[in-house]
There are 2 protein chains.
Amino acid sequence: MQKSDENRKVDDSPARSRGRPRAFDREAALAQATRLFWIKGFEATSIADLTEAMGIGSPSLYAAFGSKEALYAEALRHYREDNEALVWAGFFSAGTAREAVKSLLMDSAAVLTGCVVDIPRGCMVTLSSVGSEGYVELGKLVRAARTVTLDRLKLRLNQAISGGEIPVSTDVHALARFIQTVQNGMSILARDGASRSELEAVAELAMLGWDTRTADAERGQG
Amino acid sequence: MQKSDENRKVDDSPARSRGRPRAFDREAALAQATRLFWIKGFEATSIADLTEAMGIGSPSLYAAFGSKEALYAEALRHYREDNEALVWAGFFSAGTAREAVKSLLMDSAAVLTGCVVDIPRGCMVTLSSVGSEGYVELGKLVRAARTVTLDRLKLRLNQAISGGEIPVSTDVHALARFIQTVQNGMSILARDGASRSELEAVAELAMLGWDTRTADAERGQG
DNA sequence: CTCTTTCTGTAATGATCGATACATAAATAG
DNA sequence: CTATTTATGTATCGATCATTACAGAAAGAG
């Protein structure tokens, strides 16, 4: 038995063998950083803000996360892991595309207004403007995260076509764009203080035209 | 005749009588500043960026505009004067609320993608995050500008009720919120590079449910 | 225990931030 | 012309930015 190889925790554990262990909870610190980035944005959040909220010194921050940009990238990942399940669970468990989309919008209404758990308003990915500030890598990251919504919507709609739920003639891309637009718009309303019930009303109004939008016939009549 | 009072240009002209006149075009400099704030946001735009784009030194900037915050406030005003006419002209000239809303969304699709005149993508008001950065006064200004859209929509929908175009039972607030949501979402898509035709398709899909949404009967069915 | 390794707190780095002091240039009033 | 008034360019202010030396502290390995 190759003891030295099999006993070492290669991937799961940090694999640190000797020396002083980290004194702070990395996950808790990351959660604080995520919250701060979420509320204030990347540029407006300073290292001083972060170290204060995380309860650590700046050398510890850099030792644990590398740089401010790398910390933001990890905060983004942490955010998506924590919150996308809240928004997408109903979408993936729904039996029809119609119910999936409605779940997505209704759950978004609840999560975006901070009604499910105590989190800031609006979507960190949607409202991030880090791409327009000259941070190229972070911009790519955020934009890639944004396309996930569109991809999932198109995939589900195509499945609905295959299953016969909606007609083959449905413009999947346009319909997915529409749903994405509504969800994005709800983020902005949530940030500006709109209530959960207001966003739910918006979601229901968006769903009201579903049958018309998924009908075969003429589209551009208005 | 009180010559000293009547001959002086009190309000129209800058009322400067003696001394060196300003060497740069204030409006042109403001337009450059607006463009820069629009693209990069308030915090990410530095005074050095501004003075370079405006072609002036920082003392001239402060002499003409007072401070960075005051310059942003005036850039916001300049933006609204220049661009809201493009978006709202069709809305106000339309004969019906339905056509007004459709005009608003279709014109937004064109303007937000920079297809009408050469301007940055997305709406400066909608995408501004200056309210979340601790700039209280600017935040109020931006938020006030955002409510204008909702107010105009509700006013027009109420007129449509008075005129018999849509039933009295219409939930004006919810419907206005929905339209506002779509327009806001379009700003985000435009910033991320969506094309004019994509946004127009979104606008048409949003309009497709109009008859259903303005119908009397049951609302929450799906 | 000692040694080694790693983390933590203090303090400081050069760069850049928004905002100005100062002297000079420029243009009008008389 | 001279006197006055205002804008401009340079150069700089203190504050804050992200980042990092440095030394001491803490904990596992032996």
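Throughout, a chain's letter reflects where its sequence line sits, starting with A, and its residues are numbered from 1.
For B:Arg143, the side-chain hydrogen bond (donor to acceptor under 3.5 Å, both in side chains) test picks out no residue, with sequence neighbours left out. Scored by the side chain to side chain contact (heavy atoms under 4.5 Å, CB included) test, A:Ala109 finds A:Met186, A:Leu199, A:Glu200 as partners (sequence neighbours excluded). With sequence neighbours excluded, no residue forms a side-chain hydrogen bond (donor to acceptor under 3.5 Å, both in side chains) with A:Arg191. Shown here are the ring pair (Phe, Tyr, Trp, His ring centres under 6.0 Å) partners of B:Phe65, two or more places apart in sequence or in another chain: there are none. With sequence neighbours excluded, the residues forming a side-chain hydrogen bond (donor to acceptor under 3.5 Å, both in side chains) with A:Ser46 are A:Asp49, listed by chain and number.
Ring-plane geometry between B:Phe42 and B:Phe37 is classed as parallel, the angle between the planes falling under 30 degrees on a 0 to 90 degree scale with a further cut at 60.
The CZ atom of B:Phe24 sits 9 Å away from the C1' atom of D:dA7 (whole-angstrom rounding). In this entry the distance linking OH of B:Tyr135 with P of C:dG18 reads 8 Å, nearest Å. Rounded to whole Å, atom P of D:dA7 lies 11 Å from atom CZ of B:Arg26. The nearest whole Å value for the distance from the CZ atom in B:Phe37 to the C1' atom in C:dG18 is 11 Å. The distance from atom CG of B:Asp25 to atom C1' of D:dA7 is 16 Å, rounded to the nearest whole Å. Following rounding to the nearest Å, B:Arg22 (CZ) and D:dT8 (C1') show an atom-to-atom distance of 12 Å. Put simply, CE on B:Met54 is 15 Å from P on D:dA7, counting in whole angstrom units.
Contacts classified as side-chain hydrogen bond (donor to acceptor under 3.5 Å, both in side chains) and involving residues 104-115 of chain A (residues at least two apart or in different chains) are given here: A:Ser108-A:Gln183. Residue pairs that meet the side-chain hydrogen bond (donor to acceptor under 3.5 Å, both in side chains) test with at least one member in residues 54-73 of chain B, sequence neighbours left out, are B:Tyr72-B:Ser128.
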Requested in this report: Take nucleotides 13-26 of chain D nucleotide by nucleotide from the 5' end and write B, S or -, depending on whether a protein heavy atom sits under 4.0 Å from the base, only from the sugar-phosphate, or from neither.
Outcome: ----SSBBB---BB
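Recorded end-axis angle for the helix from C:dC1-D:dG30 to C:dG30-D:dC1 stands at 0°, based on five pairs per end and rounded to 10 degrees.
Within the 4.0 angstrom heavy-atom criterion, only backbone atoms of the sugar-phosphate kind lie near B:Ala23; the bases stay farther away.
Contact of the B:Asn83 side chain with the B:Met124 side chain is not registered, since no non-hydrogen atoms from C-beta on lie closer than 4.5 Å.
Between A:Ser60 and C:dT8, a side-chain N or O to OP1/OP2 separation shorter than 4.0 Å is present.
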